[in-house]
Every structure is written in structure tokens, then in C-alpha cells.
Amino acid sequence: MKTPEVSEDAVGRRVSCEGERGTVRYVGPVPPTAGLWLGVEWDNPERGKHDGSHEGVRYFTCRHPTGGSFVRPKKASFGVDYATALQQRYQVELQEVIGEEVKISSKTVMMVGFEDVKQKQRLETLTEVGLRRCEVSGPGPENEIRNTTPFAESLDLSGNLLSSWEVLAAITEQLESLQVLQLSHNRLSISSDPSRLSPAFSRLRVLSLNSCALTWTQVLHCAPMWQQLEELYLADNDITELQRPEHVLQALKVLDLSNNQINQETVLEISHLPWLEKLNLSSTGLSVIQFSDASPGNKTALFPALKTLLLDDNNISEWRVVNELEKLASLLHLSCRRNPLQQKEKNLETARQIIIARLSRLELLDMRQVLSDERRGAELDYCKMFGLAWLKAGGHNDPEKNHPNTEFMSEHPRFLTLIQKYGAPEEGELREQKPFALKNQLLTITFICPEDSERKPIEKKLPGSMIVQKVKGLLHRLLKLPGAELKLTYTCSKMAGREFEIDNDLKPLEFYSVEDGDRILVRWS
């Protein structure tokens, strides 16, 4: 587009150049060259060349030492207004679309005739408006937005050229039904009086500000604008220190702080948000969380409504962190993938079972449902796994003599509850915790064909990590039953007379608590 005359008022405005976005920090000459230059601080510092200095003279400052460069005004675009972007994105000449497929936002529609076009292309009926990366820089003519998209409830302005919250408010104040606003990948200058702009966001429920170079202090400063906000997405910003929100964000139900290197000692500053149900702390460098207001086995008053917690890709390496999560009164869903904690165990399924056993109310772990059979198996295995440590710490089968020491109870706060639920493990079931080695993990399994008495039992040593699908492949060869559909169950000495179904081909044997000396019954059809 043709660039308008550039004045010093352009400082602070947003521009795009060759697909990169930046903020104008300087307008003027750069000797010894002639003519006007724009000094731009780029969102992507790799696009720049310096920090705003040239040949020893500082023209502007940048956050990054290579975030700035000079460009000629004719190479920079200052963007378009909302109405122009809307027309460019949605409006299609009628003669070009009759009988053709046309993509409107994310939906492909078939235009069958003139009336169809009029029906489907009426901007006034849009409730979801998508203007991502359309170089929107301002509202345009007065009331144009109110007249063009009066029913918009969701607006995507990610990756545009909006320079300030005041400019944004001039757009949103005309959208009286707006509830969802996507603003990721923008750089908005902070308003000196955000409360004044709150009417422009009076119905806003969901706000996405990912990758906007915001600090938590700036978020709290802006928060009076969003009095009804329920979901706030702040991934990949400059948030390092959290402070307690006072009289703001109190209606928040969802908060995403992922991909911010947060000082973990400040995480509890947001623990008093009364309605917060979902918190994403993935990739924040978190290694420890502690609720000192509650002793092991009791519930914390912090995060009272938190049901879903995401802790993927952090530095959690201690089981005591999981123990602390048991103190959360409402926690039902947890994701903690790709943490060092999982590497402590021989495989991921074992780590999963330990987490399930330590968290009594968990319904979803790492995006997989926790079924009642899985919980039962996990808790039984947990009792066997740590039974010897329990005895050494002062545990006893006689309830009157069962007094494990404080250290054990601190490491395993649910252990007594579990042996009350299932009974203390028999001495023969207790497992000594050994370092991982294949010879320590081999199980002696006896395969029996109860419906074919002529076949003799087959004994094999198999790793507990072997998945059921591979076990069935082995049985197809051993029993010479290619193509047969096998059904497996197993029996164990502790629960004589009961058969337990092995019904998921993608699970390992240990998932079903199959142990050394157990018998697997093989049937086929």
C-alpha cells in the first residue's frame, strides 16, 4: 500500500516490512545519508542489526542488542483500518463467485447463485471475525465497525499493527457483544489509565495475549480493563515474578502462564484466586511447589477451586512435589509429561502408576483417563513397591503396632490409607527397590490353555515392560495359531479363584500388575 507522509508522530506506531513487524522508535535523518529514515525495533530481534546506535550516535533504544535497524518509509507499511481489512478478507466480487467454492474465514462454502452470495457474504451477520495478520492498525471511520459487524462475539486480531490499548479500545467499544478477543503477537503500549478503557471490554470473557512481551506487573496494571474476564492466556511472555492480584482478575477460571521463566517462589501469589479452575505452568522452569499451610494428609486452603494443573516440560524430579499436589482440595486433572521425575522409574507406565497411587482423586493423567481398575492396580503395586520400606520404618501388620516413622509418612502420606483399603501386603509380595537392570525385571510367566487340555503349560521369562500385543505375537508362534484372535486373562496366588482380564494390547504386562510366578490363561476364537 502507499505509505502516507511520515512525521515525528509516527514514533510508537507499528509497521510491517517484508513480513516482519516492529515499532517505530525514531523518525529523522541518519547522517551521512540524505533523506528520512525510520528507526524500528523489531519484534523478532534476528531481523535487526543493532541496538539503535549507528556510528557512535544513539538514535533510539532496544530491548535486544540486535533488535533495531533503519528502513526507508517507502518500505514500511503502517497498516490499514479495520473496515478495509474486513473487506479485503471477506468481501468477494459477486461475478467471481457464482457457482464457485469460496473460503470465508476458516469455512469453505459453495456459492450457488446471487441470492446465496448475498446471504453468506453479509458481514453484518458475522459473529466470529478473523483478521489474523491482516495489518490492522486502527478503527477507521467513526461507527464503521459498529455498522459493519454489529453482532461480532469473537474477534481475532493476532499479529496485527495495533500500537496501543487506546487504539484497540476504539475498535472494541463498537463491538457491544464481544466476548472472545485474540491479541497474540501484538505489541500494545500500556495505558496510563486502564480503568477509563474498561467500557470497551465490558463483556469480555476470554482474552489471549500470547507472545506480547508482557510482564506480570503490566498485566496487573491492565487488568482493571477486563472486569468480567474468565480466561486469560499469557504464554511466551516476559513474566518472571508473580504478584498477588488485588481486586483484579477475581473472576478468572483459566490462566495460562506456560513458556515463561517464572521464579517458582512467587507461584503461590496467584493461589488466592477464588474461582481458578485451570492453571497452565508448563515450561516455566518449575522444580518445587510446597503448601506449607497443610501437613501431609491434609488439604491446603490455597488454589481452592483448581481442578486442572498442567506441569509439562519442567524440572520436577522429586516425588514430594506430587505428594504436595495431593493437598489440593479440588485437583482432578494433571499433566506432568517430560519431567526428570519420570526418568527415575524403569518406564513411563511405572511412573504413571506411582502418580495415580499418590493422588487419590485424579481422574485424568497426562490426557489419559484414570479408570477404576487402573487405580486399583496402581495402588496395590504401590503398597508392594514400598512395603519393605514401610516395615523398616516401623510399620507392622498389627494395627496396634503399626507406627511408621515421620520420615516415611512424609515420603508416603497415603500409605496407611492404602493398607487400610486393601490390607497390608503379604511378606512374599513385598518388592525390594532395585536399580534398573533387565535381569531384575524379568517375570516368570506360565501360559495355560484352559480350553485345550492337550496343550501343556508353557513357561517363559518376559520383561514386565513387554506390551500385550507382543505377548500375543509370541503366543501365535508358540501355539502355532496364526491369525487367531487371542483373549488373555491372568490369575495370581494372592487372589485365588479370580481371573483378571488383559484387554488392552498397547499396555505392558506390569500395567495389569502381572507378577513373577503368575499364570496367564490363553483362549482364542
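These numbers were taken from a predicted model, which means no experiment stands behind them. Heavy atoms only: backbone and side chains are in, while hydrogens, waters and symmetry mates are out.
- The shortest side-chain heavy-atom distance between Leu311 and Leu334 falls under the 4.5 Å cut-off.
- Within the structure, ring pair (Phe, Tyr, Trp, His ring centres under 6.0 Å) contacts touching residues 500-525 (residues at least two apart or in different chains) are Tyr490-Phe500.
- Checking each of Lys421, Arg375, Glu326, Glu379 against Ser360 for a side chain to side chain donor-acceptor pair (under 3.5 Å) leaves exactly one that passes, namely Glu326.
- To the nearest 0.5 Å, the span separating CG on Leu359 from CG on Leu365 amounts to 8.0 Å.
- Between the side chain of Asp518 and the backbone N or O of Cys492 there is no donor-acceptor pair closer than 3.5 Å.
- Residues Phe201 and Pro224 form no side-chain contact, since every pair of their non-hydrogen atoms from C-beta on lies 4.5 Å or further apart.
- No side-chain heavy atom of Ile316 sits under 4.5 Å from any side-chain heavy atom of Val322.
- For Asp312, the side-chain contact (heavy atoms from CB on, under 4.5 Å) partners at least two apart in sequence or on another chain are Ser282, Ser335, Arg337, Arg338.
- For the atom pair Ser198 OG and Gln228 CD, the distance stands at 10.0 Å (nearest 0.5 Å).
- With Arg523 as reference, Glu499 is the one residue of Glu485, Glu501, Glu499 to meet the salt bridge (Lys or Arg N to Asp or Glu O under 4.0 Å) rule.
- Gln264 places a side-chain N or O within donor-acceptor distance of the main-chain N or O of Ser287, the cut-off being under 3.5 Å.
- One finds the CG atom of Asp373 at 10.0 Å from the OG atom of Ser513 (value rounded to the nearest 0.5 Å).
- Scanning for side-chain contact (heavy atoms from CB on, under 4.5 Å) contacts around Pro274 gives Gln250, with sequence neighbours left out.
- Contact detail for Gly464 and Leu443: the closest heavy-atom pair is CA-CD1, 3.8 Å.
- Under the 4.5 Å side-chain criterion, counting only non-hydrogen atoms from C-beta, Trp165 is in contact with Cys222.
- Taking both residues in full, the closest heavy atoms of Leu252 and Glu231 are given as CD1-N, 4.0 Å, listed atom of the first, atom of the second, then distance.
- Listed by first and then second residue, the ring pair (Phe, Tyr, Trp, His ring centres under 6.0 Å) pairs that reach into residues 361-385 are Tyr382-Phe386, Tyr382-His412, sequence neighbours excluded.
- Under the 4.0 Å criterion applied to side-chain N and carboxylate O atoms, Lys487 and Glu451 are not assigned as salt-bridge partners.
- A distance-only check finds no donor-acceptor pair linking the side chain of Asn323 to the backbone of Pro413 [under 3.5 Å].
- When every heavy atom of Leu331 is checked against every heavy atom of Lys307, the shortest pair comes out as CD1-O, 3.6 Å.
- Atom CG of Leu418 sits about 9.0 Å away from atom CG of Leu416, to the nearest 0.5 Å.
- Considering all non-hydrogen atoms of both residues, Ala393 and Phe408 come closest at CB-CB, 3.6 Å.
- When atom types are taken as modelled, the side chain of Arg414 and the backbone of Ala357 share a donor-acceptor pair closer than 3.5 angstrom.
- Residues forming a side-chain contact (heavy atoms from CB on, under 4.5 Å) with Ser164 (at least two apart in sequence, or on another chain): Glu166, Val167, Ser189.
- In terms of heavy-atom proximity, Ser158 sits nearest to Asn160 at O-ND2, 3.2 Å.
- Residues Asn263 and Glu241 share a closest heavy-atom pair of ND2-OE2, 3.2 Å.
- A 4.5 Å side-chain heavy-atom check between Cys449 and Leu479 finds at least one atom pair inside the cut-off.
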> Can you check side chain to side chain contact (heavy atoms under 4.5 Å, CB included) on Leu188 and Leu214, steps first, answer last?
Replying inline: CA-CA 9 Å; Leu188 300 170; Leu214 291 167; over 6 Å; no

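- Taking 4.0 Å as the cut-off between side-chain N and carboxylate O, Arg352 and Glu374 count as a salt-bridged pair.
- Without hydrogens or angle criteria, Thr127 side chain to Glu153 main chain gives no donor-acceptor distance under 3.5 Å.
- With hydrogens and angles disregarded, no donor-acceptor distance shorter than 3.5 Å links the side chain of Arg244 to the backbone of His272.
- Judged by distance alone, the side chain of Asn260 and the main-chain N or O of Thr284 form no donor-acceptor pair under 3.5 Å.
- At least one donor-acceptor pair closer than 3.5 Å links the side chain of Lys327 to the backbone N or O of Phe291.
- Using a distance-only test at 3.5 Å, with no hydrogens or angles considered, no donor-acceptor pair links the side chain of Asn259 to the main chain of Asn210.
- In this structure, Glu349 pairs ionically with Arg368, as a charged nitrogen and a carboxylate oxygen lie closer than 4.0 Å.
- In summary, of the residues considered (Asp43, Asp236, Asn186, Asn237), a side chain to side chain donor-acceptor pair (under 3.5 Å) with Ser211 occurs for Asp236 alone.
- In this view, Tyr233 satisfies the ring-ring contact (aromatic ring centres under 6.0 Å, His included) rule with no residue, not counting sequence neighbours.
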>> Pair Leu286, Ile262 - check side chain to side chain contact (heavy atoms under 4.5 Å, CB included), show working.
In response: CA-CA 8 Å; Leu286 192 72; Ile262 296 174; over 6 Å; no

> Should Glu363 and Val370 be marked as a side chain to side chain contact (heavy atoms under 4.5 Å, CB included) after you check the CA-CA gap, both sets of side-chain angles, and the distance that decides it?
Replying inline: CA-CA 5 Å; Glu363 296 178 357; Val370 179; 5.7 Å; no

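- No side-chain heavy atom of Val471 sits less than 4.5 Å from a side-chain heavy atom of Ile445.
- Side chain of Trp319 to main chain of Glu411: no donor-acceptor pair is present (N/O by atom type, distance under 3.5 Å, no hydrogens or angles).
- Arg21 contributes atom CZ, which lies 7.5 Å from atom NE2 of His185 (distance to the nearest 0.5 angstrom).
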> Checking side chain to side chain donor-acceptor pair (under 3.5 Å) for the pair Ser208/Ser184: CA distance, chi angles, key distance, verdict?
Replying inline: CA-CA 6 Å; Ser208 179; Ser184 298; 2.9 Å; yes

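- Put simply, CG on Asn315 and CG on Asn339 are 7.5 Å apart, with the number rounded to the nearest 0.5 Å.
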> Would Val129 and Leu175 count as a side chain to side chain contact (heavy atoms under 4.5 Å, CB included) if you check the C-alpha gap in whole Å, the side-chain angles of each, and the deciding distance to 0.1 Å?
Replying inline: CA-CA 11 Å; Val129 178; Leu175 301 173; over 6 Å; no

